[in-house]
Amino acid sequence: MMKVTLQSLLTGALVLLASCSQVTDLATPHKDQSPKCEVHGRVMAPEIIRVEGESVYINGYPATAKKSFPHHGGVVLNGERYRRFEFGGRVRDFVCADCDQAHDAWWKEWKARRQ
Ligand SMILES: [Zn+2]
């Protein structure tokens, strides 16, 4: 039978905390390239983005996100970018200010339509 000690519990808690705060860094490998948004032509800057939920549950959102605001910051939903991320995780990626504006406007309109 496995003996559970205080030390093993603390180690497990620390490992869990470390994995929760882990950031997938997509920006650092490209930091010398000053990437531009392919939609807006604007030079982007790295930001931390939270990963929450699935985009497939919002009708039309994944296609619109890819076409109109592929590099927004704030919160990203799985399925709207070229790869999936750990749910509840964080991603450090390049963000375009114009994509941010378009993203915010889309959500504002979406929320208004639902009222
Ligand atoms: Zn953009």
Side-chain angles (χ1 to χ4, degrees):
M1 191 163 125
M2 194 174 122
K3 185 178 172 188
V4 178
T5 63
L6 181 60
Q7 186 179 10
S8 67
L9 284 174
L10 287 174
T11 304
L14 287 174
V15 168
L16 186 65
L17 277 175
S19 65
C20 286
S21 63
Q22 201 166 27
V23 176
T24 303
D25 189 354
L26 303 174
T28 299
H30 307 285
K31 69 179 191 291
D32 298 328
Q33 297 170 2
S34 297
K36 285 185 180 174
C37 173
E38 67 271 25
V39 174
H40 302 104
R42 189 172 187 142
V43 175
M44 302 187 286
E47 285 183 22
I48 300 289
I49 304 164
R50 295 192 325 271
V51 180
E52 294 179 3
E54 293 288 335
S55 64
V56 293
Y57 299 121
I58 301 158
N59 193 24
Y61 180 76
T64 302
K66 285 175 185 148
K67 190 178 122 206
S68 303
F69 41 82
H71 303 287
H72 70 83
V75 173
V76 68
L77 304 176
N78 265 321
E80 68 167 275
R81 298 239 167 136
Y82 58 93
R83 61 173 276 188
R84 297 186 63 79
F85 302 106
E86 180 188 350
F87 179 77
R90 292 180 298 156
V91 177
R92 183 172 180 268
D93 201 1
F94 287 98
V95 169
C96 162
D98 290 339
C99 283
D100 250 354
Q101 271 193 340
H103 175 254
D104 291 350
W106 191 91
W107 278 107
K108 200 172 180 178
E109 195 182 310
W110 184 81
K111 286 174 185 169
R113 277 197 314 257
R114 292 174 58 92
Q115 288 176 353

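Start at 1 and go down the list; that is how both ligands and their atoms are numbered.
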**Message:** Checking one residue: V43. Which other hydrophobic residues are in its cluster under the side-chain 4.5 Å linking rule?
**Reply:**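 Noted: V43 shares its cluster with no other residue.
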
**Item:** Hydrophobic cluster of V56, others only, ordered by chain and residue number, side-chain cut-off 4.5 Å
**Value:**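 Members besides V56, by chain and number: Y57.
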
**Prompt:** With a cut-off of 2.8 Å, which protein N/O/S atoms are close to the Zn ion (ligand 1), if we only count those under it?
**Reply:** C37 SG, H40 ND1, C96 SG, C99 SG

**Item:** Residues which pass ring pair (Phe, Tyr, Trp, His ring centres under 6.0 Å) with H71, listed by chain and number, not counting sequence neighbours
**Value:** none

**Asked** Have E80 and H72 got a donor and an acceptor in their side chains that come within less than 3.5 Å?
**Response** yes

**Asked** Between CD of E52 and CG of L77, what distance do you get to the nearest 0.5 Å?
**Response**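 Atom-to-atom, E52:CD and L77:CG are 8.0 Å apart.
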
**Side chain to side chain, T28 and R92, heavy atoms closer than 4.5 Å** =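 Yes, at least one pair of side-chain atoms sits under 4.5 Å.
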
